[in-house]
Amino acid sequence: AEEEIDRLDALLSTGDADSEIAKLNVDGSAKLSEDAGYLVERALELYQETDGTFDIAIYPVMEAWGFPTQKYRVPSDREIQKLLKNVNSQKIKINKKTNVVTLEKNMKIDLGGIAKGYTSQRIAKIYKKDGVKSGVISLGGNVQAIGTKTDGSRWKVGVQSPDDTESMIGAYEAADEAVITSGAYERYFEKDGKTYHHIIDPATGKPSEKDLKSVTIISKNGTLSDTLSTTLFVMGKDKAISYWKEHSKEFNMILVDENNKVYISQGIKDHFSSDSDFTVIKK
Ligand code: ADP
Ligand code: MG
């Protein structure tokens with residue numbers, strides 16, 4: 001597992017100047033490995049399916065806010081508008097046979113919203129191949145369960161309170177699934193009394209200011225859970241609920257809104273518990 005994390009990090013990390021993605025961002029074109037090529041392909045599909053809410057071409061905007069270097073700043077509206085002209089995954093070309101990816105001038109991509117879920121999914125696959133039938137992989141907010149506990153009961157995954165990371169808003173009992181959360185409280189900085197977090201709305205180029213504090217996605221597929229947790233956070237409550245209604249066979253979700261109200265999708269109601277009230281969303 002450790003080797004796999006290092007291997008994928010070395011391919012995918014924008015922070016590592018030798019990675020395939022960092023080189024692609026400098027050169028504008030590169031032949032990618034199977035893993036990186038697959039992730040770009042998936043990201044482009046999700047861009048289409050989410051009306052551009054999930055957009056890996058967001059990287060120049062991430063840089064303007066200082067997230068990659070942690071040299072945080074608040075860019076001007078003019079700077080953001082200029083950068084947004086190139087935030088458009090539709091302009092990314094990929095040859096699915098050769099994995100050659102080509103970007104347009106001034107474009108850069110970032111797999112930060114998809115790579116971690118893919119990594120935990122890969123690790124689960126390796127463990128399963130080696131005969132592991134029962135286990136939990138946890139990569140900072142990303143939980144991937146293998147099977148159930150050895151006694152057949154499900155793994156209990158706590159869902160953090162967005163306001164107080166020491167307490168829980170509830171627990172989900174997982175079996176062979178990826179449970180992945182995105183929230184404004186994970187990575188952010190403060191300037192002049194305002195907080196700015198690292199999930200950007202491609203429509204504005206600013207940290208998403210919709211009405212959700214956290215989104216947890218539950219599905220069989222770690223890559224999907226990771227992308228959708230980021231995407232539904234940006235969509236906000238109403239759009240997230242309609243998106244789920246259209247894709248209820250693929251995933252389930254736990255939403256915490258700005259008033260700390262908790263909503264869960266119908267498909268997980270038998271495996272979610274909480275000390276407080278929650279609303280079950282039906283199809
Ligand atoms: P974490 O990595 O902290 O678990 P997320 O899974 O929500 O959090 O991913 C946030 C990361 O996704 C950001 O750091 C950035 O790299 C990337 N990102 C931010 N906004 C978008 C977006 N609209 N579309 C695609 N990727 C994004
Ligand atoms: Mg994510």
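Because the structure is predicted, anything quoted here is derived from the model rather than measured. Atoms within a ligand are numbered from 1 in the order they appear, just like the ligands themselves.
Below 30°, between 30° and 60°, or above 60°: for W65 and Y196 the angle between ring planes is between 30° and 60°, a tilted geometry.
Pocket lining of ligand 1, defined as residues with a non-hydrogen atom under 4.0 Å away: T53, F54, D55, I58, M62, D110, G112, G113, K116, S182, E186, R187, H198, I199, I200, P202, D226, T230.
When ring centroids are compared, F272 and F278 come within the 6.0 Å threshold. Y38 has its ring centre less than 6.0 Å from the ring centre of Y118.
Of all heavy-atom pairs spanning T148 and G152, the tightest one is OG1-CA, 3.5 Å. When all heavy atoms of K108 and P60 are compared, the pair lying nearest together is O-CD, 3.5 Å. Y47 approaches Q90 most closely through the heavy-atom pair CE2-N, 3.9 Å.
Excluding water, every protein N/O/S atom under 2.8 Å from the Mg ion (ligand 2) is given here by residue and atom: D226 O, D226 OD1, T230 OG1.
A cation-pi arrangement is absent between K239 and Y243 under the rule of less than 6.0 angstrom and at most 45 degrees off the ring axis.
Checking side-chain atoms of T14 against main-chain N and O of D110 turns up no donor-acceptor pair under 3.5 Å.
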Step by step, work out the side-chain contact (heavy atoms from CB on, under 4.5 Å) result for F233 and S214. CA-CA 7 Å; F233 181 87; S214 92; 5.7 Å; no
